[in-house]
Amino acid sequence: MSSNLHPMLNVAIKAARAAGAIINRAALDVESVRISQKQINDFVTEADHASEKIIIETLLAAYPGHGILAEESGKEYGAKDSEFVWIIDPLDGTTNFIHGFPVYCISIALAVRGKVEQAVVYDPTRNDLFTATKGRGAYLNERRIRVSKRTQLKDCLISTGFPFRSGDNFKSYLNMMAEVMQRTAGLRRPGAAALDLAYVAAGYTEGFFEAGLSIWDVAAGSLLVTEAGGLVGNFTGEADFLEQRECLAASPRIYGQLVPILGKYSKFASAGDKAAVRQATQADGADAAQPPSGAEDATPAQAPQAAAAAKDDSAPF
């Protein structure tokens with residue numbers, strides 16, 4: 001820990017490293033870790049609980065008057081009326097963890113009167129420590145980080161998260177991803193939103209978007225992005241997003257290019273945009289149920305052209 005860091009950030013780092021040690025030990029024999037299912041495709045392990053316990057104990061030992069908002073225990077611990085609230089995801093990327101896929105992290109943020117002022121995202125598999133204090137910049141392992149300098153969307157790598165809950169609008173999300181995929185150098189789905197945001201801050205990717213996220217998924221990562229010179233908001237570009245279950249983060253120039261693409265898929269989109277998206281989704285569904293257009297009804301002279309068009313339409317690139 002550094003004497004130059006804010007004291008509260010130092011305590012958060014101590015908590016994150018202690019939790020990381022627990023997770024790394026559990027990862028050595030991940031098949032023996034007890035797992036339960038909160039809902040379909042939403043898992044929690046004993047490592048999540050142990051990580052959360054040590055984080056809360058460390059934070060409250062230093063700041064007993066602070067509040068706690070944690071993924072597994074909610075507001076059960078800490079002061080109930082404090083202006084200082086620690087927002088904790090003890091293991092973001094649990095599904096990756098239980099498969100031994102080494103992309104997961106610990107996320108700890110401190111909100112003061114509703115605004116995030118301290119942030120730690122710790123990747124225990126790589127020993128990568130992302131930190132930020134409001135107004136003091138963002139860092140990776142004590143080295144200053146900045147968002148990517150790329151300015152054209154076609155050159156950019158964008159990360160996202162796939163829908164996995166039974167009530168999610170899969171067709172709409174597929175359309176959204178298709179629009180982004182056609183305009184960028186690539187789309188990635190690592191599986192841990194806090195780490196996705198940290199990677200935007202570090203310039204590893206130019207942007208990130210996902211729906212259905214909770215405040216503990218995005219609180220720490222959002223400060224990393226803004227302190228690294230990026231922008232964070234909902235899909236329509238509005239900055240007050242923390243509890244809206246939509247997150248878009250990117251470098252400023254790329255953010256401005258993604259909002260027009262993703263904004264119409266936002267739950268805050270205009271009625272006209274929502275209607276257009278519904279229409280497009282229904283049309284795609286109808287097209288998928290039909291044979292290749294024109295091939296079955298074409299005259300003998302038209303048949304080769306119709307078949308060629310159908311083949312072109314189905315080409316992957």
Side-chain angles (χ1 to χ4, degrees), residues 1 5-26 34 36 38-39 42-94 97 104-124 129-134 136 138 192-195 197-198 212-227 232 240-245 247:
M1 291 185 290
L5 297 179
H6 191 285
M8 292 181 185
L9 186 63
N10 265 331
V11 172
I13 291 169
K14 180 182 176 183
R17 288 199 182 278
I22 288 171
I23 290 167
N24 279 341
R25 281 197 299 273
R34 288 193 298 274
S36 55
K38 293 187 279 189
Q39 54 181 314
D42 193 1
F43 302 97
V44 61
T45 72
E46 59 185 336
D48 292 73
H49 289 298
S51 171
E52 185 167 294
K53 183 173 183 288
I54 194 67
I55 291 169
I56 292 172
E57 286 176 353
T58 304
L59 296 175
L60 291 183
Y63 301 105
H66 285 193
I68 298 288
L69 174 57
E71 180 175 15
E72 307 308 336
S73 59
K75 298 181 179 180
E76 182 180 346
Y77 302 100
K80 307 306 178 194
D81 55 356
S82 177
E83 292 182 333
F84 296 81
V85 179
W86 293 96
I87 304 167
I88 302 161
D89 191 335
L91 179 50
D92 187 23
T94 300
F97 171 77
Y104 43 83
C105 66
I106 296 141
S107 175
I108 304 172
L110 175 66
V112 183
R113 293 181 288 278
K115 303 293 183 183
V116 179
E117 294 198 357
Q118 309 290 339
V120 173
V121 171
Y122 180 52
D123 175 352
L129 182 72
F130 297 86
T131 59
T133 293
K134 190 171 179 61
R136 295 193 188 179
L195 209 49
L197 288 164
L213 295 171
S214 298
I215 187 170
W216 44 77
D217 295 312
V218 297
S222 66
L223 183 63
L224 291 173
V225 171
T226 55
E227 286 298 315
V232 188
D240 187 16
F241 77 99
L242 273 176
E243 299 189 64
Q244 294 183 350
R245 301 185 71 79
C247 182

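- Residues meeting the side-chain hydrogen bond (donor to acceptor under 3.5 Å, both in side chains) test with Glu227, sequence neighbours left out: none.
- Partners of Gln244 under the side-chain hydrogen bond (donor to acceptor under 3.5 Å, both in side chains) rule, at least two apart in sequence or in another chain, are Asn234.
- The side-chain hydrogen bond (donor to acceptor under 3.5 Å, both in side chains) search around Glu243 returns none, not counting sequence neighbours.
- Of the possible donor and acceptor atoms, none in the side chain of Glu72 sits under 3.5 Å from a partner among the backbone N and O of Glu52.
- Note: Glu71 CD to Thr94 OG1 = 6.5 Å, rounded to the nearest 0.5 Å.
- Here the CG atom belonging to Leu242 is positioned 11.0 Å from the CG atom belonging to Leu213, to the nearest 0.5 angstrom.
- Around NZ of Lys80, the count of heavy atoms belonging to other residues, nucleotides or ligands within 6.0 Å exceeds 12.
- Between Lys134 and Val116 there is no side-chain heavy-atom pair separated by less than 4.5 Å.
- In this structure, CD1 on Ile87 lies 11.0 Å from CG on Asp89, to the nearest 0.5 angstrom.
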For residues 19-26, tabulate all N or O donor-acceptor pairs below 3.5 Å that involve a side-chain atom, not counting sequence neighbours.
unit_1	atom_1	unit_2	atom_2	d
Asn24	ND2	Pro124	O	3.1

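- Scanning all heavy atoms of the two residues, the minimum distance from Ala15 to Ile108 falls at CB-CD1, 4.0 Å.
- Neither side chain, Asp48 nor Ser51, offers a donor N or O lying under 3.5 Å from an acceptor on the other.
- Nearest approach of Leu197 to Ser222, heavy atoms of both residues: CD1-N, 4.0 Å.
- Between Leu9 and Ala119, the shortest heavy-atom contact is CD1-O, 3.4 Å.
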*Walk me through it: do Arg17 and Leu129 pass the test side chain to side chain contact (heavy atoms under 4.5 Å, CB included)?*
CA-CA 9 Å; Arg17 288 199 182 278; Leu129 182 72; 3.6 Å; yes
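- Panel note: side chain Asp92, backbone Ala194; a donor-acceptor pair is recorded below 3.5 Å.
- Between Trp216 and Ser107 the shortest side-chain heavy-atom distance does not fall below 4.5 Å.
- Judged as a side-chain hydrogen bond (donor to acceptor under 3.5 Å, both in side chains), and not counting sequence neighbours, the contacts of Asp123 are Thr125, Arg126.
- Of all heavy-atom pairs spanning Cys247 and Val232, the tightest one is SG-CG1, 4.0 Å.
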Taking distance alone, no hydrogens or angles, what donor-acceptor pairs closer than 3.5 Å link side-chain atoms of residues 57-68 to residues at least two apart or in another chain?
unit_1	atom_1	unit_2	atom_2	d
Glu57	OE2	Lys53	NZ	2.7
Thr58	OG1	Ile54	O	2.7
His66	ND1	Trp86	NE1	3.0

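- Taking all atoms of both residues into account, the shortest heavy-atom contact from Ala70 to Ile56 is CB-CD1, 4.3 Å.
- With rounding to the nearest 0.5 angstrom, the NE2 atom of His49 is 9.0 Å from the CD atom of Glu46.
- Counting all heavy atoms, side chain and backbone alike, Thr133 lies closest to Gln118 at OG1-OE1, 2.6 Å.
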